[in-house]
Each structure stands twice: as C-alpha cells, then as structure tokens.
Asker: 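After the structure tokens below, expect a handful of questions from me.
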Amino acid sequence: MAEQFWLMKSEPDVFSIKDLSERPKQREPWDGVRNYQARNMMRDTMQLGDQVLFYHSNCNPPGIVGIAQVASQPYPDPTQFDENSNYFDPKSSQDKPRWILVDVAYVGTFERMVSLQEMKEMPELKDMRVLQKGNRLSITPVSKSEFQAIAQAGGWGK
DNA sequence: GCCAACGTTGGC
DNA sequence: GCCAACGTTGGC
C-alpha cells in the first residue's frame, strides 16, 4: 500500500510531543481515543510506518509541532479495562474490546510550530479535513501534498 | 469561561 | 427509528 499520512491531536498538558520524545523508546500507545471514526482509522486503515503530523490542541496557540509515525499493528487499548483509568469503559470486555489503538513513535520536532492560524492561511491546505468548520475528530487523514506543505513550513527536512 | 458543533444516550 | 437532552471538544 502507498504511504499514508495522518494528523493526530493531543492536548500538550496531557501528552505533548516532548513527552513522546522523552519516552525511553520514544514511542507510546495512542490511548484514550473514544470516538468510533477515529478508532476505525487506527484499526482498519493505518499501516506501520505511516507518517503522522503531531498536533497540539486545546492550548495557545494550537498547531502542528512535529512528526511521528505509526509503530505497531492495531491492538486493544489497555486503558479501557482499567477501572482506575479515566478511559475505563465498563461496556467493553477482554473478549470483545471496544477500543483499538496503535503505537506511535517519535520522528522529530519542527524547528518552528506551524500554528492553526498559519494553516488556515496556506492555500495548499484549504481542503484539509482538520480545518473544516466544526471538525472535532482527533485523527484525520492528510494528503501527501498537505503533509509536505506543513513539513516545509515547519522547517523539517532541510 | 464561553459556546458552537457534534456525538451519544435513552425514553418512547 | 426518532429526537431531545446531555456530554465533550476545542478554538477563542
């Protein structure tokens, strides 16, 4: 399959790209997703090695701060079984897990953040899913040209 | 903190 | 299956 690209949102107060870069293996299960569309993309469409734009949400300013990649096959999100977790789901079971995730690995941090504001001003990104009004999905597909435009704006790969 | 947009729940 | 009520997201 051709290489694919994604945007994944994370609140930096909860889990930032710096947190990812400081993990011992620079990799982390992308847990806590409790939206079926986002789950389905991790479960059904993501492939090992897919490139990910790491987006900081619910902060000031929001925007894309770096690059990660898909680092595992899909598997059940362990937090859904943990009664002490905020992400515990009493309707899920080991037999029939409801929530599926992939691991994400650190690739690099941009020289400079590409803010949401800037993204809205880039003509190459006018059709980008995450910029459409009312979009709240935490995982969205990104085209290769969109990915490249953002990476370049972030000073990546020079 | 506000609130628009959207997803989920549950009564019927 | 409809839809009102409610909860969450996330920019501002």
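Letters A, B, ... mirror the listed sequences (proteins, then strands); counts begin at 1. Not measured: the values here are computed from a predicted model.
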Asker: In sequence, state the C-alpha distance, the side-chain angles, and the governing distance for A:Glu146 and A:Arg129, and then conclude on salt bridge (Lys or Arg N to Asp or Glu O under 4.0 Å).
Answerer: CA-CA 10 Å; A:Glu146 290 163 350; A:Arg129 182 87 175 269; over 6 Å; no

Asker: Quickly work out the A:Asn135 CG to B:dA5 C1' distance and round it to whole Å.
Answerer: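 So the two atoms are 10 Å apart, to the nearest Å.
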
Asker: What is the separation between atom NZ on A:Lys9 and atom C1' on C:dG10, rounded to the nearest whole Å?
Answerer: 7 Å

Asker: Measuring from A:Gln37:CD to A:Arg136:CZ, what's the distance to the nearest 0.5 Å?
Answerer: 10.5 Å

Asker: Whole angstrom is fine here: how far is it from CG in A:Leu131 over to P in C:dC12?
Answerer: 11 Å

Asker: Among A:Phe88, A:Phe81, A:Tyr36, which one satisfies ring-ring contact (aromatic ring centres under 6.0 Å, His included) with A:Trp99?
Answerer: A:Tyr36

Asker: Going by heavy atoms closer than 4.0 Å, what residues in residues 86-98 of chain A are next to DNA chain B?
Answerer: A:Lys91

Asker: Whole Å only: how far is the CD1 atom of A:Ile139 from the C1' atom of C:dT9?
Answerer: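 Roughly 14 Å, once rounded to whole Å.
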
Asker: Between P on C:dT9 and NE2 on A:His56, what's the gap in Å once rounded to a whole number?
Answerer: 17 Å

Asker: A:Leu137 CG to C:dG10 C1': how many Å, rounded?
Answerer: 13 Å

Asker: Where the side chain of A:Arg136 is defined as all heavy atoms beyond and including C-beta, which of B:dT8, B:dC6, C:dC12 is the nearest nucleotide?
Answerer: B:dC6

Asker: Could you grab the distance from atom CE of A:Met8 to atom OG of A:Ser138, nearest 0.5 Å is fine?
Answerer: 7.5 Å

Asker: Quick one about A:Thr79 and A:Asp82 (side-chain donor to acceptor, distance below 3.5 Å, no hydrogens or angles considered), yes or no?
Answerer: no

Asker: Is the ring centre of A:Phe54 less than 6.0 Å from the ring centre of A:Trp30?
Answerer: yes

Asker: Measuring to OP1 and OP2 of B:dA5, would you say a side-chain N or O of A:Lys133 lies under 4.0 angstrom away?
Answerer: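 Affirmative; the distance criterion is met.
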
Asker: Between A:Asn35 (CG) and C:dT9 (P), how many Å, whole number?
Answerer: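 Atom CG in A:Asn35 sits about 10 Å away from atom P in C:dT9.
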
Asker: Taking the six-membered ring where the residue is Trp, are the ring centres of A:Phe147 and A:Trp156 under 6.0 Å apart?
Answerer: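 When the ring centroids of A:Phe147 and A:Trp156 are compared, they turn out to be at least 6.0 Å apart.
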
Asker: What's the CD-C1' distance between A:Gln117 and C:dG10, to the nearest Å?
Answerer: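 So the CD-C1' distance, A:Gln117 to C:dG10, works out to 16 Å.
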
Asker: Looking at A:Tyr55, I'd like to know whether one of its side-chain N or O atoms comes within less than 4.0 Å of OP1 or OP2 on C:dT9.
Answerer: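 So the side-chain polar atoms of A:Tyr55 never come under 4.0 Å of the phosphate oxygens OP1 or OP2 of C:dT9.
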
Asker: Answer with base, sugar-phosphate or nothing: what part of the nucleic acid does A:Gln37 contact at a heavy-atom distance below 4.0 Å?
Answerer: sugar-phosphate

